[in-house]
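Single-structure report; data block below.
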Amino acid sequence: MRELHELNIGLALEAAALARTRRRAGVEVAASKSSLVDIVTQADRDVERLVVDRIRAARPDDGILGEEGTSVAGTSGLTWVIDPIDGTVNYFYDIPAYAVSIALVEGDPDPATWHALSGVVVNAATGERFDALRGEGARLDGRPIRVADAVPPATALVGTGFGYDAQRRQRQAAIVQHLIGSVRDIRRIGSAALDLASVAAGRLNAYYEVGLQPWDLAAGALIVEEAGGAVRGWQGAPAGSGFLLAAHPALADDLLELLSPMPIGEV
Ligand code: IPD
Ligand code: CA
Ligand code: CA
């Protein structure tokens with residue numbers, strides 16, 4: 001596994017370098033996806049292509065699931081889950097919070113049931129690298145990281161995010177409205193992978209979001225767990241596309257309690 005994890009780190013670093021080079025050359029919207037504001041740039045596609053080509057050459061029997069359309073069913077039982085640029089809107093605006101996120105998971109590529117083995121998140125703008133190998137802890141640029149100590153919700157800095165569908169965003173905003181008077185403050189960084197990495201490094205006390213995709217959370221969730229954090233779903237369900245909350249385990253319990261009156265399942 002250590003060898004595969006090193007491969008993952010190499011892939012993510014090379015992909016991040018390509019994203020950075022392409023950003024310097026200038027970025028244009030190539031297409032809109034689920035809505036007018038759900039954009040994709042040619043760089044998103046090219047970075048995914050680069051990672052997929054490298055994986056196919058090195059690991060021809062593995063599955064691959066990538067945000068920009070890659071779906072390869074492998075035969076090894078292992079799948080690479082790729083978000084080539086997480087934080088595409090930041091990337092488009094040149095806000096330095098966009099990341100390559102690559103995970104290697106065992107089992108079906110579904111966050112509810114998979115077993116994540118290796119996760120790497122590289123902030124392509126700053127070069128910071130977060131990584132975790134199952135059972136071996138989490139690191140930032142090679143140094144071990146831990147989630148922040150438990151704090152009461154009132155002093156917790158809580159990250160969240162919003163999807164691209166206008167009506168869903170309004171329902172997500174209602175959850176923020178419910179929370180904002182009970183926590184220190186809210187952050188909307190714009191990259192789920194970096195939000196999760198930030199929880200792992202103690203830069204956020206917690207992060208939650210409704211409606212993530214598998215590639216948004218695959219690497220970051222493992223990094224949080226390996227940093228001593230809890231990654232929870234809604235009402236005891238596994239974390240996944242429905243809902244994910246990441247924090248120190250004690251704070252996660254308190255925040256879930258605070259959120260309990262909200263109709264999360266209908267957001
Ligand atoms: C998005 C970002 C954002 C989150 C959205 C994601 P993308 O991913 O992670 O922070 O709030 O739910 O879709 O589109 O930039 O890869
Ligand atoms: Ca994403
Ligand atoms: Ca993306």
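Whatever order the structure lists them in is the order used to number ligands and atoms, beginning at 1. In what follows, residues are counted from 1 in the order of the sequence shown.
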Just let me know how Gln213 lines up against ligand 1, side chain, backbone, both or neither, with a heavy-atom cut-off below 4.0 Å. neither

Is a side-chain N or O of Asp141 found less than 3.5 angstrom from the main chain of Glu128, in a donor-acceptor match? no

Looking at [X], pick out the N, O or S atom nearest to the Ca ion (ligand 2) and give its name.
| X | result |
| --- | --- |
| Asp83 | OD2 |
| Asp86 | OD1 |
| Asp216 | OD1 |

Does Glu209 reach ligand 1 with a nitrogen or oxygen that is under 3.5 Å from one of the ligand's nitrogen or oxygen atoms? yes

Can an N or O of Ala193 be found at a distance shorter than 3.5 Å from an N or O of ligand 1? no

So if I apply the side-chain contact (heavy atoms from CB on, under 4.5 Å) rule between Phe130 and each of Leu194, Val224, Val122, which one comes out positive? Leu194

Quickly, which of Arg59, His5, Met1 forms a side-chain contact (heavy atoms from CB on, under 4.5 Å) with Leu104? Name it, please. Met1

Can Arg134 and Glu225 be counted as an ion pair, charged N to O under 4.0 angstrom? yes

Indicate yes or no: does Lys33 engage Glu67 in a salt bridge with an N to O separation below 4.0 Å. yes

Heavy atoms of other groups near [X] [atom1], more than 12 under 6.0 Å:
| X | atom1 | value |
| --- | --- | --- |
| Asp94 | CG | yes |
| Arg56 | CZ | no |
| Gln177 | CD | no |

Enumerated ligand 1 atoms positioned under 4.0 Å from heavy atoms of [X]:
| X | result |
| --- | --- |
| Asp86 | 1 (C), 2 (C), 7 (P), 8 (O), 9 (O), 15 (O), 16 (O) |
| Glu67 | 16 (O) |
| Tyr164 | 1 (C), 7 (P), 13 (O), 14 (O), 15 (O) |
| Gly190 | 2 (C), 3 (C), 10 (O) |
| Ala192 | 2 (C), 9 (O), 10 (O) |
| Gly87 | 7 (P), 15 (O), 16 (O) |
| Gly161 | 11 (O) |
| Ser191 | 9 (O), 10 (O) |

Is there a donor-acceptor contact under 3.5 Å linking the side chains of [X] and [Y]?
| X | Y | result |
| --- | --- | --- |
| Ser191 | Asp86 | yes |
| Asn8 | Ser118 | yes |
| Asp44 | Thr41 | yes |

Is the shortest distance from a heavy atom of Ile85 to ligand 1 less than 4.0 Å? yes

Would you check if the Ca ion (ligand 3) lies under 3.0 Å from any N, O or S atom of Pro84? no

Presence of N, O or S from Glu67 under 3.0 Å of the Ca ion (ligand 3): yes

